[in-house]
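Okay, so here's the structure we're looking at.
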Amino acid sequence: MADDKKHKTLTTGDRTIPPEGAKMIAIYIMGREYMVPETLTIMKAVEYAGYSYVRGCGCRGGICGACGTFYRYIGDYRLRSGLACQTVAEPNMVIMQLPFFPANRPGYDLDDFTGSPHEELRRLYPEVFKCVGCGTCTRTCPMDIDVMDYIALMKRGDLKGAALKSFDCVMCGLCASRCPAQITQFMAAQFVRRAYGKYILPKAGHLEKRVEEVKSGKYEKLLDGLMAMKQEDVKKLYVEREREPDLAEPGKWMPKETNNL
Amino acid sequence: MSGYTPALKELIKRVEATRAARVEKARKGEHFPALTMEERQEWLRKYHPDYKKDGRRKLKVGPNKGLELPEEVARLLESKSRLDTKSIDLSRTDYTADLLVIGAGGAGTAAALAAQEAGLKVIVSTKLRHGDSNTVMAEGGIQGATQEGDSPYFHYLDVIGGGHFSNQPGLVAALTNDAPLIIHWLEGLGMMFDKLPDGRMKVRHGGGTCRKRMHSSGDMTGAEIMRVLRDEARNRDNDIKVLEFSPAVEILLDEKGHAAGAVLYNLETKEYYNVRAKSVLIATGGFGRLHIQGFPTTNHYGATADGIVMAYRAGVKLQDIDSTQYHPTGAIYPEQNVGLLITEKVRGLGAQILNTDGEQFCFPLEPRDVESACVIRECLEAGKGVVTPTGRLGVWLDSPMIDLLHGEGTVRKELPAKYIQFKRYEIDISREPMLIYPTLHYQNGGILIDEWAETSIEGLFSAGEVAGGVHGRNRLMGNSLLDVLVFGRRAGLKASEYAKNHKMGGKATLSHVDDFNKEIDNAGIKDPGVSPILLPDYAPDHVRERQVG
């Protein structure tokens, strides 16, 4: 096999090069002490210590949910949580990432519910209705979502409320890992958001009409015309485009030239 | 330390001093004038990183030999395979499928769903988890001409003009024609679009658009799309098998030179697997993590250009791979957010870009490359940038204008993810502006495809950021999410047709890899690297020094 070490010089990029005189702090990665410069995120601190991520690292921007992390400060009984790519490493942090959590996710057919969306939720996730209301999920969520509240909304049948409240979820799984009622909140919420998007949020009528127009082949003809044009002529059309005003209400504004709509 | 430093707070006062007058003008629809077509070209030539001569060189091997590329991309393409081809037993088959999808972001997942609907058995191989991709990071929206005052005709003009007329017209036509179909498909899958109470889609402008056609889902449109598509793929797991942490490292061809599968590498057990498939889709995303010219990047950890490497060795030509998109608004403060994307939606909602004196110096919604050139010019040429405590240079993005223009609470509602990301460091972006500078965002070019995502190799498809030609040398906001879904779905449909009319090929080979390795030796390339690199290496020097033996 090719030597893995050889490719190491190919990229540099995100490597942390601490400024001279940077203050070093002690952190404990899975219990082992490392000295790292202060102000780094946990993720960059772990890399600075010499770890190469395979699991537990994704977008590095707080949206993919790969790097859910639990930590404690030495001498403090409280267990805390955050995303490794978004949480700043601080002195005496004892860190453990949760790169995977086994989630309960029953399959379903979005186009063929056995009952109402709420009944379907009850069928798929009966454990949601056994929430004990302890609030650990809410305290654990690194996105500051009130998880317990959206679970309460689900129980009540307010799927719109639950969909909106859970919208910021990055599906890291930290909530489910701490739930004494063994609920997989983030998967139930995913189901509820899709059920809401499909059955409760009103459909876009203008989109339906436009889809029919596209399927009729109407625009292919217009586009064929553009493709056949000389570049100078296309440039002229581009420069002369009429710009829709920024504050125009959707669906109300119409351009002067309507031939190519 | 949190929030802005006292020195930066002093500078913010200059922004605040001009804000009321700027908001007043914006209300009247008065803009800072946009550049003319000639000025655009001139500013790009002078200030855009793509046009800098240093850090670029001619490629010495392969179908694009002679093309001038950034050093980082050239070195990657001139690297040898990770595989010792002689120790791989190709008579052994570990998995079979009608379609092998390499990459499980938006394009790969859309393709898998389309192929499954057409009756195919699909294997999806991915380097990290299902959904780990740049798709999940796209924030501001997805374009599509769905409103009455708009049509694919005008969308086409915006795309091709934004790309400086270097795009493949057929690909632009496919992109814009299919856009309403894609938005409709997503709506049917239960995606939570931003809508008015009657169901009408909320739309807004992006840089370089003549119509408001940016559809969104808060400021996490890509994340919402990815969540929905992944969830749907999981509902169909009888036919769509996802192999996580198992990136492809080489494409397999059959005796006729048609696509025949791939060799996968299990990152955890370090085993190699042979997958045989009737058709193969490369949907591995872009090259942001190569950190071209040392720029920080907005990209996902896995964006290491694996797909172009594999395809190039198999003999596929690349288009515009020398062209890189720098997003004009990457965060440069606080340090923890450096490189982080600040969605164009912020400017779409009316936030202006200002220099250290709190003055506007460009139209805030130029095409991305032009806008980036404007910011670089203001900082390096005019010397009116703001310097951060860690020595980074940038300009202000005046987000507090948004609530003033659209009402209290708009920032919190329309930009929830961004709001949280800054709030963590005690900066309230609805009250204080952000500091930004261009950041490496997108691989404009890539694998040459036709409008059905076919490559020059039979049975080999490519879609998404890894493919080229759709956006030419510059992409507009909201067309990348659209691109991955349009061409992902088209690839899935075409692959279905192809797989139904073809039997599994005969003997699989890696002889193209051997040939390519030889070509590197013959070209006299000294100390070639090994690629695909799969993951970037961010170990600091003091660690590397001890990683001996």
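In the text below, chain A, chain B and the rest are named by the order of the sequence lines, each starting its count at 1.
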Under 3.5 Å donor-acceptor, [X] side chain and [Y] backbone:
{"X": "B:E187", "Y": "A:A204", "value": "yes"}
{"X": "B:T146", "Y": "A:L207", "value": "no"}
{"X": "B:Q147", "Y": "A:W253", "value": "no"}
{"X": "B:R129", "Y": "A:R55", "value": "no"}
{"X": "A:K198", "Y": "B:L189", "value": "no"}
{"X": "B:H205", "Y": "A:P245", "value": "no"}
{"X": "B:R200", "Y": "A:H206", "value": "no"}

At a heavy-atom separation under 4.5 Å, does [X] approach chain A through its side chain, its backbone, both, or neither?
{"X": "B:A303", "result": "neither"}
{"X": "B:K212", "result": "both"}
{"X": "B:F245", "result": "side chain"}
{"X": "B:P334", "result": "neither"}
{"X": "B:E71", "result": "neither"}
{"X": "B:N299", "result": "backbone"}
{"X": "B:H184", "result": "both"}
{"X": "B:I420", "result": "side chain"}
{"X": "B:I160", "result": "side chain"}
{"X": "B:N235", "result": "both"}
{"X": "B:S217", "result": "both"}
{"X": "B:D158", "result": "both"}
{"X": "B:E224", "result": "side chain"}
{"X": "B:A173", "result": "both"}

Would a 4.5 Å heavy-atom cut-off, applied to side chains only, mark A:S52 and B:D537 as touching?
yes

So, do A:K44 and B:Y538 sit near enough that their side-chain heavy atoms are less than 4.5 Å apart?
no

Going through the distances and angles, do A:Y238 and B:M37 end up as a side chain to side chain contact (heavy atoms under 4.5 Å, CB included)?
CA-CA 10 Å; A:Y238 176 69; B:M37 299 296 276; 3.8 Å; yes

Distance-only donor-acceptor check, side chains A:Y108 and B:D231, under 3.5 Å:
yes

Step through the shown structure and confirm whether more than 12 heavy atoms of other residues, nucleotides or ligands are within 6.0 Å of NZ on A:K218.
yes

Under 4.5 Å from any heavy atom of chain B - which part of [X]:
{"X": "A:K252", "answer": "neither"}
{"X": "A:Y53", "answer": "both"}
{"X": "A:M187", "answer": "side chain"}
{"X": "A:A195", "answer": "neither"}
{"X": "A:Y196", "answer": "side chain"}
{"X": "A:V88", "answer": "side chain"}
{"X": "A:F167", "answer": "both"}

May I ask you to say whether A:E244 pairs ionically with B:R213, meaning some side-chain N is under 4.0 Å from a carboxylate O?
no

